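Beneath this line is the structure, given in structure tokens, with notes to follow.
Note that the structure is a prediction, hence the values are computed from the model and not measured.
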Amino acid sequence: MNDEELIQLGLSGKAPLKVILGGWTELNPDGQKVGVVGLLYVTTDVQQAQQQLARLRKQKPDHYYMVYSVPYDTDLSTLSHWPTLEIDPEDLS
């Protein structure tokens, strides 16, 4: 499954919250490249999630974005898959 298919799964998921995560690299105070993952947007409105994703992609096209559908009042770490992004070593080179 490619990234766009995964995003569509997140947008169409049954859980009410749609969360957008972003991933990018930046330099830490020592000048080393580090991977950063941020929670960028949360909504219950699928259209707003789509609009914000489009805005984020336009604003910072070099960042990686993913959308997840998550339930309310849940310890997300108890789910079989929860919102995460992987930063690979080659992302840091």
Chi angles and distances behind the side chain to side chain contact (heavy atoms under 4.5 Å, CB included) call for T25, Y64:
CA-CA 10 Å; T25 59; Y64 176 81; over 6 Å; no

Any chance you could lay out the side chain to side chain contact (heavy atoms under 4.5 Å, CB included) test for V34 and L27, step after step, and finish with the verdict?
CA-CA 6 Å; V34 296; L27 298 178; over 6 Å; no

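For R55, the salt bridge (Lys or Arg N to Asp or Glu O under 4.0 Å) criterion is met by no residue, not counting sequence neighbours.
In this structure the side chain of K18 never reaches within 4.5 angstrom of the side chain of V42, judged on heavy atoms. The side-chain heavy atoms of P83 and L76, taken from C-beta on, include a pair separated by under 4.5 Å.
Of all the heavy atoms in L21 and L40, the pair that sits closest is C-CD1, 4.2 Å. Contact detail for L11 and A49: the closest heavy-atom pair is CD2-CB, 3.8 Å. Of all the heavy atoms in P16 and P71, the pair that sits closest is CD-CA, 4.0 Å. Closest heavy-atom contact between D91 and K33: O-NZ, 3.8 Å. Across L53 and I20, no two heavy atoms sit closer than the pair N-CD1, 3.8 Å.
Interatomic distance, Y41 OH to L56 CG, rounded to the nearest 0.5 Å: 9.5 Å. Note that the CD1 atom of I87 and the CH2 atom of W24 stand 9.0 Å from one another [nearest 0.5 Å].
Of the N and O atoms on the side chains of T43 and D45, not one donor lies less than 3.5 Å from an acceptor on the other residue. No side-chain donor from either of Y65 and D3 sits under 3.5 Å from a side-chain acceptor of the other.
Checked by atom type and distance alone, the side chain of T74 pairs as donor or acceptor with a backbone atom of Y72 at under 3.5 Å.
Counting heavy-atom neighbours within 6.0 Å of Q59 CD, excluding the residue itself, gives a total above 12. Counting non-hydrogen atoms of neighbouring residues, nucleotides and ligands closer than 6.0 angstrom, the CG atom of D30 exceeds 12 such neighbours.
Under the 4.5 Å side-chain heavy-atom criterion for Ile, Leu, Val, Met, Phe, Trp and Tyr, M1 and V67 are members of the same hydrophobic cluster.
Using a cutoff of 4.0 Å between basic side-chain nitrogens and carboxylate oxygens, K60 and E26 are not scored as salt-bridged.
Residue pairs satisfying the side-chain hydrogen bond (donor to acceptor under 3.5 Å, both in side chains) criterion with at least one member in residues 80-89, sequence neighbours excluded, are absent.
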